[in-house]
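We use all heavy atoms of the structure for the numbers below, so side chains are in, but hydrogens, waters and symmetry mates are not.
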Amino acid sequence: MTEYAVKVDHITKSFAKVIANNDVSLHVAKGEIHGLVGENGAGKTTLMNILYGLVQPDEGDIFVYDKKVNIYSPRDAIDLGIGMVHQEFMLSPSMTVLENIILGKTPTRFGLNDIKKAKRIITNLMENYSLAIDLSTRVYQLSVGQMQRVEIIKALYRGAHILILDEPTSVLTPQMTDELFKVLRGLIKIDCTVIFITHKLREVLAVTDNITVMRRGVVTGERKTQLTTQQELAKLMVGRDVMLQVDKPFTQTKEELLSVKDLHALNARGSNMLRGINLNIHSGEIVGIAGVEGNGQTELVEVLTGLRQPTKGNVIFDHKNITHASVRERRLLGMAHIPANRMLLGVCKTCTIEENLILNKYDSPLLSRGLV
């Protein structure tokens, strides 16, 4: 008989006139990696936010290890052994890795914070789950993949044995994704249960045991991973057959648009990260830059987009030397940037969509008058 770590039965949740979850049921067996798949807006995150106590359902029941529970807050979820790694990380950039992990749960001795004990506990966790990271590093100095690792350690430190990962690979490179999958398989070996939310079919087939598919707030199918295909999952996600293989025509490149000559730059910790980079990119082509995490990709993008100053070398864009040009000057020349950390660097969360769209055009005569 299957033992379930989590069962949500007949969950319904509406926001005004929008039904996010409509009579949704999800059963996750103990010790498995369960994929929750669907397009953006399918209701996956809402369902998991209900399980983690961030949102209250209008109807339905939740069972944890066959015991009916009420989860009114994340604290209730944590007390039940449920942890969640959100798509947008919940970390304080200016604090160290250690400070972020123990925030709100610091062991004490004689009424004082026992930092040495906290370090011992976290070090053991990192060794057991192969999640090594420098505890003294400040979060803003970490890569996106390392931040995600901190979030996982933080959940495990709080006693999580049911771990929800919301779109965990959305900002990861393929190499970083492979490393994450190794971590998840290691967690399963030590009796953890993982709920893996995604819309990437190759990845869900590569790492899960069972899959539940959602579309427009309802469950459209449940499949054993070994007995399904990308084509079947895609049809369950969108309601029609999907062409998964797209033929890419040959493209004739044109004139040189961007060149990088002997580029050098430091990383956030003051170490030499870029050492003599040379690139020549032409109009009409897509250029991929690949490498294992932490080998200079972030620093290169920051130098190209004006977020980091190089220590040596030149960047030429459309025959103009923009090495020391500002972000605004590069934007006016036609350069754009979609950052890996979209919520931190790409948008203003407290502004409306309309406001975000015009934020970098505040001085346009169409949008302003007088002093700007």
Checklist entry - For the side chain to side chain donor-acceptor pair (under 3.5 Å) test, which of Thr45, Thr198, Asn49 pairs with Asp166? => result Thr45

Item to check | Shared hydrophobic cluster, Leu279 / Leu258 (ILVMFWY, side-chain heavy atoms < 4.5 Å) | outcome: yes

Checklist entry - Is a side-chain donor or acceptor of Ser326 paired with a backbone partner of Glu329 at a separation under 3.5 angstrom? => result yes

Checklist entry - Atom CD of Gln146 and atom CD1 of Ile133: how far apart are they, to the nearest 0.5 Å? => result 5.0 Å

Checklist entry - Checking Lys13 against Phe15: charged group under 6.0 Å from the ring centre and within 45 degrees of the axis? => result yes

Next on the checklist: Using a 3.5 Å distance criterion without hydrogens, assess whether the side chain of Thr228 forms a donor-acceptor pair with backbone atoms of Lys224.
Outcome noted: no

Checklist entry - Honestly curious: do Leu98 and Val150 fall in one hydrophobic cluster under the side-chain, below-4.5 Å linking rule? => result yes

Checklist entry - Below 4.5 Å, heavy atoms only, C-beta onward: do Gln148 and Leu180 meet side chain to side chain? => result yes

Checklist entry - Does a sphere of radius 6.0 Å around CZ in Arg75 hold more than 12 heavy atoms from other residues, nucleotides or ligands, not counting ones at 6.0 Å or beyond? => result no

Checklist entry - Which distance, rounded to the nearest 0.5 Å, do you find between the CG of Asn21 and the CE of Met48? => result 8.5 Å

Next on the checklist: Any heavy-atom pair between the side chains of Lys44 and Glu167 that's under 4.5 Å?
Outcome noted: yes

Checklist entry - If we ignore angles and hydrogens, is there a donor and acceptor under 3.5 Å between the side chains of Thr225 and Thr208? => result yes

Checklist entry - Taking it one step at a time, do Val213 and Glu222 satisfy side-chain contact (heavy atoms from CB on, under 4.5 Å)? => result CA-CA 6 Å; Val213 185; Glu222 300 170 351; over 6 Å; no

Item to check | Criterion side-chain hydrogen bond (donor to acceptor under 3.5 Å, both in side chains) on Gln309 and His324, from CA distance to verdict | outcome: CA-CA 7 Å; Gln309 285 296 307; His324 301 291; 2.7 Å; yes

Checklist entry - Side chains of Leu187 and Leu156: does their closest heavy-atom pair fall under 4.5 Å? => result yes

Checklist entry - Under the side-chain contact (heavy atoms from CB on, under 4.5 Å) criterion, do Leu47 and Leu36 qualify, and how do the steps go? => result CA-CA 10 Å; Leu47 183 64; Leu36 183 57; 4.3 Å; yes

Checklist entry - Are more than 12 heavy atoms from other residues, nucleotides or ligands located less than 6.0 Å from atom CZ of Arg216? => result no

Item to check | N/O donor-acceptor pair under 3.5 Å between Glu256 side chain and Ile281 backbone | outcome: no

Next on the checklist: Between Thr220 (side chain only) and Leu236 (backbone N and O only), is there a donor and an acceptor less than 3.5 Å apart?
Outcome noted: yes

Next on the checklist: Any non-hydrogen side-chain atom of Thr12 less than 4.5 Å from a side-chain atom of Val24?
Outcome noted: no

Checklist entry - Side chains of Asn210 and His27: do they bring a donor and an acceptor to under 3.5 Å? => result no

Next on the checklist: So does Ile211 get a backbone contact from the side chain of Arg223, meaning a donor-acceptor N/O pair under 3.5 Å?
Outcome noted: no

Item to check | Audit row: Met237, Val37, side-chain contact (heavy atoms from CB on, under 4.5 Å) steps and yes/no | outcome: CA-CA 8 Å; Met237 284 173 60; Val37 179; 3.3 Å; yes

Checklist entry - Is any NZ, NE, NH1 or NH2 atom of the basic residue among Lys235 and Glu232 found under 4.0 Å from an Asp or Glu carboxylate oxygen of the other? => result no

Checklist entry - Does one side chain, of Glu203 or Thr169, offer a donor that lies under 3.5 Å from an acceptor on the other? => result yes

Checklist outcome for this item: For Cys192 and Ala160, the nearest pair of non-hydrogen atoms, with its separation, is SG-O, 4.2 Å

Checklist entry - Side chains of Ile162 and Val194: does their closest heavy-atom pair fall under 4.5 Å? => result no

Next on the checklist: Would you say Phe196 ends up clustered with Tyr4 if hydrophobic residues are merged whenever their side chains have heavy atoms under 4.5 Å apart, either directly or through other cluster members?
Outcome noted: no

Next on the checklist: Using side-chain heavy atoms (C-beta onward) and a distance below 4.5 Å, is Val315 in contact with Asn321?
Outcome noted: no

Checklist entry - Does the side chain of Phe317 come within less than 4.5 Å of Met335's, by heavy atoms? => result yes

Next on the checklist: I'd like to know if Asp134 pairs up with Arg269 as an ion pair, taking the criterion as any Lys NZ or Arg NE/NH1/NH2 lying under 4.0 Å from an Asp or Glu carboxylate oxygen.
Outcome noted: yes

Next on the checklist: Please give me the minimum heavy-atom distance between Ile19 and Ser14, naming the atom from each residue.
Outcome noted: CG1-OG, 3.6 Å

Checklist outcome for this item: Nearest heavy-atom contact between Cys351 and Leu359 is SG-CD1, 4.5 Å

Next on the checklist: Taking side-chain contact (heavy atoms from CB on, under 4.5 Å) as the criterion, tell me which of Val28, Val6, Ile33 meets it with Thr193.
Outcome noted: Val28

Item to check | Given Ile122, Val97, Asn100, the one that forms side-chain contact (heavy atoms from CB on, under 4.5 Å) with Ile153 | outcome: Ile122

Checklist entry - Would a distance-only check, ignoring hydrogens and angles, find a side-chain to backbone donor-acceptor pair under 3.5 Å from Arg149 to Ala132? => result yes

Checklist entry - Is the backbone of Ile71 close enough, under 3.5 Å, to the side chain of Gln56 for a donor and an acceptor to pair up by distance? => result yes

Checklist entry - Is it the case that more than 12 heavy atoms not belonging to Lys361 sit under 6.0 Å from its NZ atom? => result no

Checklist entry - Which heavy-atom pair separates Pro74 from Gly53 by the least distance, and what is that distance? => result CD-O, 3.7 Å

Checklist entry - Is there a path from Val139 to Met126 through hydrophobic residues (I, L, V, M, F, W, Y) whose side chains come within less than 4.5 Å of each other? => result yes

Item to check | From NE2 (His199) to CE (Met214), nearest 0.5 Å | outcome: 15.5 Å

Checklist entry - Quick one: are Ile115 and Thr106 in side-chain contact, heavy atoms under 4.5 Å? => result yes

Checklist entry - Given the rule that I, L, V, M, F, W and Y join up when any side-chain heavy atoms are under 4.5 Å apart, are Ile50 and Tyr72 in one cluster? => result no

Checklist entry - Does a donor on one side chain and an acceptor on the other come within less than 3.5 Å for His282 and Glu255? => result no

Item to check | Thr96 versus Ser136, closest heavy-atom pair with distance | outcome: CG2-O, 3.6 Å

Next on the checklist: Closer than 3.5 angstrom, by distance alone: can the side chain of Arg330 be matched with the main-chain N or O of Ile322 as a donor-acceptor pair?
Outcome noted: yes

Item to check | CD1-OG1 distance between Ile316 and Thr323, expressed to the nearest 0.5 angstrom | outcome: 5.5 Å

Checklist entry - In Å, rounded to the nearest 0.5 Å, how long is the span from CD1 of Ile152 to CG of Leu125? => result 12.0 Å

Checklist entry - Quick one: are the ring centres of Tyr65 and His161 less than 6.0 Å apart? => result yes

Checklist outcome for this item: Note: Ala206 and Arg185 closest approach over all heavy atoms is O-NH2, 3.1 Å

Item to check | Distance (rounded to the nearest 0.5 Å) between Glu355 CD and Thr352 OG1 | outcome: 3.5 Å

Checklist entry - Checking side-chain contact (heavy atoms from CB on, under 4.5 Å) for the pair Asp66/Lys7: CA distance, chi angles, key distance, verdict? => result CA-CA 8 Å; Asp66 295 324; Lys7 291 171 63 178; 4.1 Å; yes

Next on the checklist: Keeping Ser271 on the side-chain end and Asn267 on the backbone end, is there a donor-acceptor pair under 3.5 Å?
Outcome noted: no

Checklist entry - Within the distance-only criterion (no hydrogens, no angle test), does the side chain of Tyr157 pair as donor or acceptor with the backbone N or O of Lys105 below 3.5 angstrom? => result yes

